[in-house]
Amino acid sequence: MPVNRVSEEVIYKIMDGGLNEDDKTTIVVKFYSNGCHYCHALSEYYVNLSEDEKYEDVYFFAHNIDDSESLAKKLKLNGVPSIALFQTQNGRCVKTRLLKDPDEPHEKTWYTTNQIKTFINREK
């Protein structure tokens, strides 16, 4: 699935259970900032991950945190890039998880693709 940019309103809709989904849904959101070089470098890897057939049942989104500082506080983001996974069941958010900061951040992208894959596989 392609990565779509989503607004703050959509993120709150996911968190507050305002989706019209009947089944279990896994949503991954990359939070980024325009001025973050890690975020820009991670972008291509995140898009490639979203196109992996193994994750065809996962929705991948990106959200510019510059648009909503209150959301960053609500989710307790330490900075960007940050990766969050939301699990919904019958439209209600039943799980919210953040990928923890790596012990040894990748020098270009902060997270590695394998770290994100492991996170999704564990939490999905």
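Remember, predicted model here, so these are calculated numbers, not experimental data.
The backbone N or O of Ala41 sits nowhere less than 3.5 Å from a side-chain atom of Lys108 that would complete a donor-acceptor pair. In terms of modelled atom types and a separation under 3.5 Å, the side chain of Tyr32 and the main chain of Tyr38 share no donor-acceptor contact. His40 contributes a side-chain N or O that, together with a main-chain N or O of Asn34, makes up a donor-acceptor pair within less than 3.5 Å.
Between Phe86 and Cys93 the shortest heavy-atom distance is CD2-SG, 4.1 Å. The minimum heavy-atom distance linking Lys124 with Lys54 is given by the pair NZ-O, 3.9 Å. The two residues Lys30 and Cys39 make their nearest non-hydrogen contact at NZ-O, 3.3 Å. Taking all atoms of both residues into account, the shortest heavy-atom contact from Leu49 to Tyr55 is CD1-CE1, 3.6 Å.
Note that CG of Asn121 is 12.0 Å distant from CD1 of Ile116, once rounded to the nearest 0.5 Å. Rounded to the nearest 0.5 Å, atoms CZ (Phe119) and NZ (Lys100) are 12.0 Å apart. Distance check, rounded to the nearest 0.5 Å: OG of Ser82 to CG of Leu99 gives 8.5 Å. For the atom pair CD1 of Ile65 and OG of Ser33, the computed distance is 9.0 Å after rounding to the nearest 0.5 Å. If you take NZ on Lys24 and CG on Asp57, they are separated by 9.5 Å, rounding to the nearest 0.5 Å. The OG1 atom of Thr25 lies 8.0 Å from the CD atom of Gln89; values are rounded to the nearest 0.5 Å.
By the 6.0 Å contact criterion, CD on Glu51 is enclosed, its count of non-hydrogen atoms from other residues, nucleotides or ligands being greater than 12. Open room surrounds NZ on Lys13; 12 or fewer heavy atoms of other groups in view lie less than 6.0 Å from it. Within 6.0 Å of the NZ atom in Lys95, the count of heavy atoms belonging to other residues, nucleotides or ligands exceeds 12.
Ile83 and Leu85 fall within a single hydrophobic cluster, where Ile, Leu, Val, Met, Phe, Trp and Tyr side chains are chained together by heavy-atom contacts under 4.5 Å. Tracing side-chain contacts under 4.5 Å through hydrophobic residues (I, L, V, M, F, W, Y), one never reaches Val80 starting from Tyr45; they form parts of separate clusters. Connection of Ile14 to Leu77 is established within a shared hydrophobic cluster, with ILVMFWY side chains joined at heavy-atom distances below 4.5 Å, either directly or through further cluster members. Grouping the Ile, Leu, Val, Met, Phe, Trp and Tyr side chains by contacts below 4.5 angstrom, directly or via other members, places Val3 with Trp110. At a threshold of 4.5 Å between side-chain heavy atoms, the hydrophobic network of Ile, Leu, Val, Met, Phe, Trp and Tyr places Leu75 and Val10 in one connected group.
Remark: Asp67 engages Arg5 in a salt bridge, criterion side-chain N to carboxylate O under 4.0 Å.
Under the 4.5 Å side-chain criterion, counting only non-hydrogen atoms from C-beta, Tyr46 is in contact with Val28. By the 4.5 Å heavy-atom criterion applied to side chains, Tyr59 and Thr26 are not counted as neighbours. A 4.5 Å side-chain heavy-atom check between Ile11 and Val29 finds at least one atom pair inside the cut-off. Val58 places none of its side-chain heavy atoms less than 4.5 Å from the side chain of Ile27. Side-chain contact between Arg92 and Asn90: absent, with no pair of heavy atoms (C-beta onward) separated by less than 4.5 Å. For the pair Cys36/Pro81, a side-chain contact is recorded, criterion being any heavy-atom separation below 4.5 Å from C-beta on. Taking the side chain as every heavy atom from C-beta outward, Val94 and Thr88 never approach each other to under 4.5 Å.
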For this session: Check step by step if side chain to side chain donor-acceptor pair (under 3.5 Å) holds for Ser68 and His63.
Result: CA-CA 9 Å; Ser68 52; His63 178 73; 2.7 Å; yes

For this session: Tell me, with the steps shown, if Thr96 and Gln87 meet side chain to side chain donor-acceptor pair (under 3.5 Å).
Result: CA-CA 7 Å; Thr96 302; Gln87 192 109 84; over 6 Å; no

Exercise. Going through the checks in order, is the side-chain contact (heavy atoms from CB on, under 4.5 Å) test met by His37 and Leu42?
Worked result: CA-CA 9 Å; His37 68 279; Leu42 182 61; over 6 Å; no

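For the residue pair Glu8 / Ser70, a side-chain donor-acceptor distance below 3.5 Å is found, with atom types taken as modelled.
Residues meeting the side-chain contact (heavy atoms from CB on, under 4.5 Å) test with Gln115, sequence neighbours left out: Pro102, Tyr111, Thr112.
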